[in-house]
Structure formats: C-alpha cells, structure tokens
Amino acid sequence: MSITDNLKAIKQEIESVSVKLVAVSKTKPIKDLEEAYQAGQRIFGENQVQELVEKHQKLPKDIHWHLIGHLQTNKVKYIAPFVSLIHSVDSLKLLQEIDKQAKKSNRVIDCLLQIYIADEETKYGLGFDEAIELLESQEFAELTNIRIVGLMGIATNTQNQKQIKEEFYELKTLFDGIKISYFKNQDSFREISMGMSADYKIAIEQGSTLVRIGSDIFGERIIKHFKNEEE
Ligand SMILES: *Cc1c(COP(=O)(O)O)cnc(C)c1O
C-alpha cells in the first residue's frame, strides 16, 4: 500500500476515538513527507535535531514538528524557534535549557515528560519518583517559557501483549495522579504520548491521546548500525 493509503487506514482507526497521529518520518526522504502532507497529515515526528531542522526548512510552514527522540541540551537552540512539541524531556537540566531558548524566541514551548516504563536498559526517561521530584522542585516552579502538557512513554519491544498493556496502564495511572496533584484545573495537561506501529492499538485502549507511528505509514526503515536508534 502507498503512504497515502496507509495514512487513510490508520486515521480512520484512530480519529473515531479522537487520538492524534504523529507521523514518524525519521530517515525518510522529503518526497515521502510530501506525500503524507498531500494526504492531509500535518504533525510529523523526528528523533534527530539535524534532520528535524533540515526537513522543517524544506517543507511547508503549517507543519507541526515534534521532537520524539533523546535531546541533548546543546542542541535545543536549533529547534526552539519552531518546534511544536518536545516529547522527550528527561531531566530538569534539559527543561531549563528549553525554557532559556524559548525565551530567546519569545515562545512558550510545549513539552512532555518522558517516563521510563520499559523493561529495557536502552530507553531514556524519568523514573516515576524522578518525575514527581522534578514537578515539586523550586527550579521547575521558576520556569516561565515551557508548558508541560503531558507524559510520554515507550513500551518494551516485546511480543508479550500483556506486558505492553501493563506498561501503558502504569503510564496512564501516573498521568492521572500527576494531573490531580499538579495540574488539576489546567486543561492543557492532557496528552499521553504512547503507542508505535507495533503497539498503538493497545496504547489507545489504555488511554493514549497521541500515537507516534512510523513504519506502518512509511514502510520499514533501513536499520542503522548505531548502538541506539534514538541517539
Ligand atoms: C521511531 C520511533 C517511533 C515510531 O516507530 P515505528 O515502530 O516505526 O512506528 C515512535 N516513537 C519513537 C520515540 C521513535 O523513536
């Protein structure tokens, strides 16, 4: 099936339950993104800063660009002027840098806290306690140009559906707890970014609001021989 057909099929599935789609276009050529754009897709996710910047320059300006991969503090400045949502905030230090660069661009940047839910050592993210600690800190209270709009998590890469379900359930439970404790009357805290090609159906059942889908739209990626794809 073509990119257009894939997108149509996935959108039909998820929009009936009002879940939003991030089309994960990492490693894919501009023409593939253009096809998705022509088919109506406006949210694209990339995991590398340089690739995100290049694609942003080349493609229409009404695209919402999401950074979904690990972000180094020294690279925040390149995306701060335009990025719509950063899914991968995993430290206070990073959040402080995003705040600083957002100020320079006169913006408030929306962010998700990436929570560690997988049973794997390669995944980035905050532990549950670390997330709470961050939200309770004085340093966090002082930030003016970032807005935490929810949480993000990556489940274990496994065939075990029950395990995946439990990991997403834990993320949803943490989200509900954080919402009540720290964002009670703030409608903006509402996103749970969970679910990829292999597990987005389970994620939606568990309360995802934002699925990040790559290969089911654009086809398999050429495997890169890096230690970690998200690096
Ligand atoms: C690559 C990636 C995805 C998409 O993965 P697919 O299996 O191709 O759907 C989603 N989230 C993150 C963080 C990714 O790095």
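One-based numbering, in listed order, for ligands and for the atoms of each.
The residue H87 has no part lying near ligand 1, judged by heavy-atom distances below 4.0 Å. Residue contacts with ligand 1, taken as heavy atom pairs separated by less than 4.0 Å, involve I154 solely via side-chain atoms from C-beta onward.
Remark: ligand 1 atoms within the under-4.0 Å shell around heavy atoms of I213 are 9 (O). Ligand 1 places these atoms under 4.0 Å from at least one heavy atom of G214: 4 (C), 6 (P), 8 (O), 9 (O). Using a 4.0 Å cut-off to heavy atoms of S197, the atoms of ligand 1 that qualify are 6 (P), 7 (O), 8 (O), 9 (O).
The aromatic rings of W65 and H56 sit perpendicular, their planes meeting at an angle over 60°, well past the 30° parallel limit. Aromatic ring pairs are classed by plane angle as parallel below 30°, tilted from 30° to 60° and perpendicular above 60°; the pair F44 and F218 is tilted.
The shortest N or O to N or O distance between V24 and ligand 1 is not under 3.5 Å. Taking distance alone, with nitrogen or oxygen atoms compared against 3.5 Å, S215 approaches ligand 1 more closely than that limit.
In this structure, L95 is a member of the same hydrophobic cluster as I178, with clusters built from ILVMFWY side-chain heavy atoms closer than 4.5 Å.
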Exercise for the section: Please step through side-chain hydrogen bond (donor to acceptor under 3.5 Å, both in side chains) for the pair D5 and S2, ending with a clear verdict. Expected result: CA-CA 5 Å; D5 292 337; S2 68; 3.2 Å; yes

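Judged by distance alone, the side chains of E97 and Q101 do bring a donor and an acceptor atom under 3.5 Å apart. With hydrogens and angles left out, the side-chain atoms of Y182 and E136 include a donor and acceptor closer than 3.5 Å. Checking Y200 against E13 by side-chain atom types alone, a donor-acceptor pair falls below 3.5 Å.
Of the options R212, K26, M194, the smallest heavy-atom separation from atom 14 (C) of ligand 1 is shown by K26.
Distances shorter than 4.0 angstrom do not occur between any heavy atom of D216 and any atom of ligand 1.
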